[in-house]
Amino acid sequence: MVHRRRCEEARGGGGRGGGRATSRPARPPRLPASSLASETNVCYNCVDRHIEAGAGDTVAFYWEGNDEGTDSTMTYAQLHAAVGRAANWLRSAGVKKGDDVTLYMPMVPELPVAMLACARIGAVHSVVFAGFSADALAARIADSKSAVVITAAAVRRGAKPIPLKSVVDAACAKCAADGGHAVASVLVLDKPEAMPRSAVPMQAGRDAWWDEAMVGQSADAAVEWVGAEDPLFKLYTSGSTGKPKGVVHTTAGYMVGTATTFKAVFDYRVGGGASGAGGKKGDAKEKETDAPTPTTPLPPQPDDVYWCTADCGWITGHSYVTYGPLLHRATQVLFEGVPTHPDAGRMWAIVDKYKVAQLYTAPTAIRALEACGDDWVTKAGRSSLRVLGSVGEPIGPVAWAWYHDVVGGSRCPIVDTWWQTETGAHMLTPLPAATPLKPGSATLPFFGVEPALLDEHGKEIEGEGEGVLVIKRSWPSALRTLAGDADRFEATYFAPYPGYYFSGDGARRDADGYYWCVEGGVGGGGWEGGRGGGRARARRVSLGGPFPTPHTSLSPPPKGSSGASTTSSTCQATASARPRWRARSRSTPRAPRRRSCRSTTRSKGKASTRT
């Protein structure tokens, strides 16, 4: 990744006493943060860097629409041009560095294009899931004071049409009526397959069609170099008390966190023989090395095709669709539809169509597809799959086993990740082919992450135990504040247990140091996080008997053993039909309520990593 650094020259002689001349260069004094700054730009690192390296013809997005046969391809060169035009339009609409722009769009290539266009000019994007109501959207627009909203005419999810532009109109009207905030510009993407253009209400002087607005805009847009701690985006979580929390992520640390975790956790491989990211395919440059040079060059290898099914309205779509993959010049699938439309084989057909190597999806989808039967999966080849990922609520051993055995053919490791909107990137996760797996466990902390468990008195638990999951030290991609509410930021995340980041989740650590997480299990409230919805609040699924060791965790139960049973009726039905690892349910111990944590509660079902 590329960044620029500037350093103010030290004044005086450099010593604490100052003034004494010396023939040697003075040792630079410690400079305040305001005097030592780094500049970078996420969009440049996601797009321009790869174009300059000659990878413009590499596919960035394979877009798969809601209906079969509706698809498109966007290369990095096309992505660069689209981002440039969108960035120039934003500037023409008066958007400048530090301004907020609200995005309310379906999963189309124009959504990451708009996010990158904001990043390119230093604007702060706020993506709102295009399923939220007009009231929810209005609250987020008003809090951000966005002058520009980007949306689409409509979208179809399965057979259901959703009139997005009408929702935006209602939200804008509510903003004006309730708080006097007026949205100056609304940019609308045409979606004729979801709604005829003639049926879309457009307000003269405020609204513009995306295709018409891009006409005449240059494909080259100047990069706005920003400070390392300048805000990149805000993402609102859904609280049940008070207004939603605007989690603010900044530029450099978030970029480092998402790029590092994407590469390591998904083992993403860029083709080109011996060349790494940024090199032309099949045109690797020789490096000075003591190793013998092969007489026959290695043939170019195709890039992996990665697919994260998350929507960009959630943190997973930010970190592992728009930013992490593009920082590594990844080729990925964007999917607008739902996994059961037109039938339960759609997801596996897409895997075969694009030869997907890494699949990252939610336990909700896994359980829904499992309930549809194995035949939908097994009639697809799926031979390209190499790594399977899980994000959302805890997956549980039963769904884990089906995902591993049926979807992955018992050959693909599962990276079951725990993280949150607030953490920005993976915190607990296996590494494929490196971490011995245990069904249902998020396993071990990622590099540099230091988790801890606290008891009811706030003291650290050593060895095996269960308690409140906290983080002991800072990490690059952590949230920096809550938009406009620093006091709430402090009270929510740091006041409950001074000296620790309070995740709001509970966890158990076994004898091998593996973590078993329960989303929203403490503090009397749910949590907007990378483990998703509230299914684990009251119950957790743990392995029956002693926790398996890493060497035995992938072995099936002995013949004649009972199947799994959980509190989920779907899992009960599956367990009776397919014996798996034995599982049992137990009530989750709850930590004492702390008044300062009440703001961490949220509305039912508003998980930030839904797919």
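Keep in mind that this is a model prediction, so the values were computed, not measured.
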Student check: side-chain heavy atoms of [X] and [Y] closer than 4.5 Å:
| X | Y | answer |
| --- | --- | --- |
| T417 | F446 | no |
| Y306 | Y360 | yes |
| R346 | P339 | no |
| V83 | C43 | yes |
| W402 | D374 | yes |
| V113 | Q78 | no |
| V127 | L111 | yes |
| V305 | V333 | yes |

Which distance, rounded to the nearest 0.5 Å, do you find between the [atom1] of [X] and the [atom2] of [Y]?
| X | Y | atom1 | atom2 | value |
| --- | --- | --- | --- | --- |
| L326 | F262 | CG | CZ | 8.5 Å |
| T429 | F447 | OG1 | CZ | 10.0 Å |
| C412 | D405 | SG | CG | 11.0 Å |
| I121 | L90 | CD1 | CG | 4.5 Å |
| L444 | M427 | CG | CE | 14.0 Å |
| L232 | S477 | CG | OG | 12.0 Å |

Ignoring hydrogens and angles, tell me if any N or O in the side chain of [X] forms a donor-acceptor pair with the backbone of [Y] under 3.5 Å.
| X | Y | value |
| --- | --- | --- |
| R382 | V407 | yes |
| D352 | A380 | no |
| R120 | M115 | no |
| S133 | A136 | yes |
| N41 | Y44 | yes |
| T40 | A252 | no |
| Q420 | S503 | yes |
| H328 | A259 | yes |
| E336 | N66 | yes |

State whether a side-chain donor-acceptor pair under 3.5 Å links [X] with [Y].
| X | Y | answer |
| --- | --- | --- |
| E422 | Y493 | yes |
| E370 | Y403 | no |
| S144 | Y236 | yes |
| T58 | D303 | no |

What pair of heavy atoms forms the shortest contact from [X] to [Y], and how long is it?
| X | Y | answer |
| --- | --- | --- |
| Y515 | L428 | CB-CD1, 3.8 Å |
| L116 | V47 | CD1-CG2, 4.1 Å |
| V188 | A152 | CG1-C, 3.9 Å |
| W400 | K438 | NE1-O, 4.4 Å |
| H249 | T423 | CE1-C, 4.1 Å |
| W376 | G345 | CE3-N, 3.5 Å |

Applying side chain to side chain donor-acceptor pair (under 3.5 Å), can you list everything that pairs with D71, at least two apart in sequence or on another chain?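 With neighbours one apart ignored, the set is K353.
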Are [Y] and [X] an aromatic pair, judged by ring center distance below 6.0 Å?
| X | Y | value |
| --- | --- | --- |
| F266 | H426 | yes |
| W419 | Y320 | yes |
| F233 | H125 | yes |
| Y323 | H318 | no |
| H50 | Y76 | yes |

With a 4.0 Å cut-off on N to O distance, would you call [X] and [Y] a salt bridge?
| X | Y | value |
| --- | --- | --- |
| E193 | R156 | no |
| R367 | E393 | yes |
| D230 | R480 | no |
| R386 | D304 | yes |

Residue of the set P112, S72, C312, C308 for which side chain to side chain contact (heavy atoms under 4.5 Å, CB included) holds with L334: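 That would be P112; it is the only one of P112, S72, C312, C308 passing the side chain to side chain contact (heavy atoms under 4.5 Å, CB included) with L334.
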Start with the C-alpha gap between D100 and K234, add the side-chain angles, then the distance that decides, and say whether salt bridge (Lys or Arg N to Asp or Glu O under 4.0 Å) holds. CA-CA 9 Å; D100 282 27; K234 64 177 65 169; 2.7 Å; yes
Apply the test side chain to side chain contact (heavy atoms under 4.5 Å, CB included) to residues D311 and V321: give CA-CA distance (whole Å), side-chain angles for both, the deciding distance (0.1 Å), then the verdict. CA-CA 8 Å; D311 191 286; V321 175; over 6 Å; no
Decide yes or no on side chain to side chain contact (heavy atoms under 4.5 Å, CB included) for V155 and L164, but give the supporting numbers first. CA-CA 7 Å; V155 65; L164 301 181; 4.0 Å; yes
So does D211 have more than 12 non-hydrogen atoms from other groups sitting under 6.0 Å from CG?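 Counting other residues, nucleotides and ligands, CG of D211 exceeds 12 neighbours.
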Take atom NZ in K379; do more than 12 heavy atoms of anything else shown fall under 6.0 Å from it?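 It does: K379 NZ has more than 12 such atoms within range.
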Show your reasoning for whether side chain to side chain contact (heavy atoms under 4.5 Å, CB included) applies to T331 and Y268. CA-CA 10 Å; T331 296; Y268 186 83; 4.1 Å; yes
What verdict does the side chain to side chain contact (heavy atoms under 4.5 Å, CB included) test give for Y104 and I150, after you've listed the backbone C-alpha separation in whole Å, the side-chain angles of each residue and the deciding distance to 0.1 Å? CA-CA 6 Å; Y104 185 74; I150 304 179; over 6 Å; no
Under the ring-ring contact (aromatic ring centres under 6.0 Å, His included) criterion, do W475 and Y501 qualify, and how do the steps go? CA-CA 11 Å; W475 63 98; Y501 166 82; 5.2 Å; yes
